[in-house]
There are 2 protein chains.
Amino acid sequence: MTANPASAEELDFLSFVDFAVAKTTRELGAVDPEAMRLVLTLHRLTSALVYDLESAVHRPRGLSWPGFRVLFVLWLAGPLESKRAAQLSGMSRAAVSALVNTLEKGGLVERRQAEHDRRAVLLELTEAGHDTITQDYQAHNEREQAWAESLSHEERTTLIGLLQKLMTGAAASEAKRRF
Amino acid sequence: MTANPASAEELDFLSFVDFAVAKTTRELGAVDPEAMRLVLTLHRLTSALVYDLESAVHRPRGLSWPGFRVLFVLWLAGPLESKRAAQLSGMSRAAVSALVNTLEKGGLVERRQAEHDRRAVLLELTEAGHDTITQDYQAHNEREQAWAESLSHEERTTLIGLLQKLMTGAAASEAKRRF
DNA sequence: AGCCGATAGTCAAAGCTTTGATCAAGGAGG
DNA sequence: CCTCCTTGATCAAAGCTTTGACTATCGGCT
């Protein structure tokens, strides 16, 4: 599939995929090496990407990655009930509640009581929050572009299509999810 | 690119991608919508996948996702120095140290002093740890297969190739990383 | 031999995550 | 009107993460 699996001595985070697939298929009978490689590659690539975006873009600007995600959905779809913000950002309601404490202290988000339902809490960006996320997202997208440049336009289109297909597929639909 | 961006009312975690791309390009000038869609899709798909694997496979068997990752590298490449385990599993040394406390209490991993360097700690699976990870990984791979079935063999090959290209590309190489 | 910068692992503080419990409020049926 | 089930948000406990500090050790250089 790719290069020769390195010996255990000279492995790194990325080349470990080759090593793992080779060794596992040798040791275990019923393993599907292609599915293994797909998931392993997907996970490691995404980890590296998120780590890069968080450490190079968001942390230097004073945002955590989860904080960025919440501001992002409030920016685009806000004001939102706390529950909706959790759905759209892919976090639990409890996580949003805890995170908004931090964002509120930082003056980026405001809590407000909903009118139609006194249990619900409306979340809305402050002016400072709006400024923060627009500037932050500019830098975020520049870094995204740097990553995307490794692929041609056609390759990017193909990749997006395949990811979407996987995302809407059978396993994804029946997956346990909080979303 | 895909379906009509839904109105803010009926969005969910997945369809939010369309909505976000449309709205952001309307509001911000210099954004590359293709790079945006690529990263957003990649991240959301991977989150959903990891959440499914963790909640459907590993938690019911008593492992956390990080715990699984450490056992996995020790299974395939162990025994390993703590530092190597961190590199191969994509965690910080401190995180491995904390995690191994838990795994050691559970009787799955043993700490041992290295002979060649008295600073180094060797991590090794116990017998119970080996049994745990082999059984756990079987179930893990079955679930991976269910996800992979959404794509044809050719599509999977294409997807893996594109992910690898992205992973070894320019931005990835210069990315801030701990790996 | 002795010094000194580099390295391995751990600890500490702060933040985010999870699940499950709790409490307040909504809403349907009697 | 009242009961009962459901739902929204928060809290609590436990675990994992990060960065930065600290200790012990290594190893090259004088």
Side-chain angles (χ1 to χ4, degrees), chain A residues 47-48 50-56 58-60 62-71 79-106 108-123 176-179, chain B residues 47 50-60 62-71 79-106 108-123 176-179:
Chain A
S47 295
V50 169
Y51 187 82
D52 177 55
L53 287 168
E54 176 163 22
S55 63
H58 301 293
R59 291 282 179 193
L63 288 181
S64 66
W65 177 254
F68 163 71
R69 281 160 61 193
V70 168
L71 292 187
L80 286 173
E81 287 182 23
S82 189
K83 187 194 181 181
R84 296 281 296 137
Q87 287 174 339
L88 296 182
S89 63
M91 307 164 58
S92 69
R93 285 178 299 147
V96 169
S97 180
L99 195 45
V100 167
N101 287 334
T102 307
L103 295 173
E104 207 175 19
K105 276 180 208 138
L108 302 177
V109 169
E110 274 177 0
R111 275 186 168 96
R112 178 155 50 92
Q113 207 187 47
E115 284 142 20
H116 61 290
D117 185 338
R118 279 185 298 167
R119 291 169 303 177
V121 170
L122 275 186
L123 303 179
K176 282 200 186 176
R177 63 216 294 181
R178 142 198 61 208
F179 315 127
Chain B
S47 295
V50 169
Y51 187 81
D52 176 54
L53 287 168
E54 176 164 22
S55 62
V57 175
H58 301 292
R59 291 282 178 193
L63 287 181
S64 66
W65 177 253
F68 163 70
R69 281 160 60 193
V70 168
L71 291 187
L80 286 173
E81 288 181 24
S82 189
K83 190 199 180 176
R84 295 283 294 138
Q87 287 175 338
L88 297 182
S89 63
M91 308 164 57
S92 67
R93 286 176 299 146
V96 169
S97 180
L99 196 44
V100 168
N101 287 335
T102 307
L103 295 173
E104 207 175 17
K105 276 181 209 139
L108 303 177
V109 170
E110 273 176 0
R111 275 186 169 96
R112 177 155 50 95
Q113 207 187 48
E115 283 143 20
H116 62 291
D117 185 339
R118 278 186 299 167
R119 293 169 303 179
V121 169
L122 275 186
L123 303 178
K176 283 201 186 177
R177 63 217 292 183
R178 144 198 59 209
F179 315 128

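None of the values given here were measured: they were computed from a predicted structure. Every chain is numbered from 1 and lettered A, B, ... according to where its sequence line falls, protein lines coming before strand lines.
- A 4.5 Å side-chain heavy-atom check between B:E81 and B:H116 finds at least one atom pair inside the cut-off.
- Atom NE2 of B:H58 is separated from atom P of D:dC16 by 14 Å (rounded to the nearest Å).
- Atoms CG (B:L80) and P (C:dG9) sit 11 Å apart, rounded to a whole Å.
- Taking atom CG of residue B:L99 and atom P of nucleotide C:dT10, one finds them 12 Å apart after rounding to whole Å.
- Between B:S82 and C:dA8 there is no side-chain polar atom (N or O) within less than 4.0 angstrom of OP1 or OP2.
- Distances shorter than 4.0 Å separate some side-chain N or O of A:S64 from OP1 or OP2 on C:dC16.
- The nucleotide whose nearest atom lies closest to any side-chain atom of A:A95 is, among C:dT17, D:dT17, C:dT10, C:dT17.
- For B:R118, there are no side-chain hydrogen bond (donor to acceptor under 3.5 Å, both in side chains) partners two or more places apart in sequence or in a different chain.
- A:A94 is linked by a side-chain contact (heavy atoms from CB on, under 4.5 Å) to A:S92, counting only residues two or more places apart in sequence or in another chain.
- With sequence neighbours left out, the side-chain hydrogen bond (donor to acceptor under 3.5 Å, both in side chains) criterion links A:E110 to no other residue.
- With C:dT10, D:dA9, D:dT17 as the choices, the nucleotide that has an atom nearest any side-chain atom of B:R111 turns out to be C:dT10.
- The CG atom of B:D117 sits 10.0 Å away from atom CG of B:L122, with the distance rounded to the nearest 0.5 Å.
- Here the C1' atom of nucleotide D:dT18 and the OH atom of A:Y51 are 8 Å apart, to the nearest Å.
- Side-chain proximity of B:A94 to the nucleotides C:dA8, D:dT19, D:dA9 is greatest for D:dT19.
- Look at CD on A:Q113: it is 12 Å from C1' on D:dG8, rounded to the nearest Å.
- With D:dG8, D:dC16, C:dT10 as the candidates, the nucleotide lying closest to the side chain of B:V121 is C:dT10.
- A search for side-chain contact (heavy atoms from CB on, under 4.5 Å) contacts involving A:N101 returns A:R111, not counting sequence neighbours.
- With rounding to whole Å, A:R93 atom CZ is found 7 Å from D:dA9 atom P.
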N/O to N/O distances under 3.5 Å, protein versus nucleotides 22-26 of chain C:
from   : atom 1 : to     : atom 2 : distance (Å)
C:dG26 : OP2    : A:R118 : NH2    : 3.4

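- Distance B:K83 NZ to D:dC26 P: 16 Å, rounded to the nearest Å.
- Scored by the side-chain contact (heavy atoms from CB on, under 4.5 Å) test, A:R59 finds A:E54, A:S64 as partners (sequence neighbours excluded).
- Rounded to a whole Å, the CG atom of B:L123 is 14 Å from the P atom of C:dA8.
- Residue B:T102 places at least one side-chain N or O closer than 4.0 Å to OP1 or OP2 of D:dC16.
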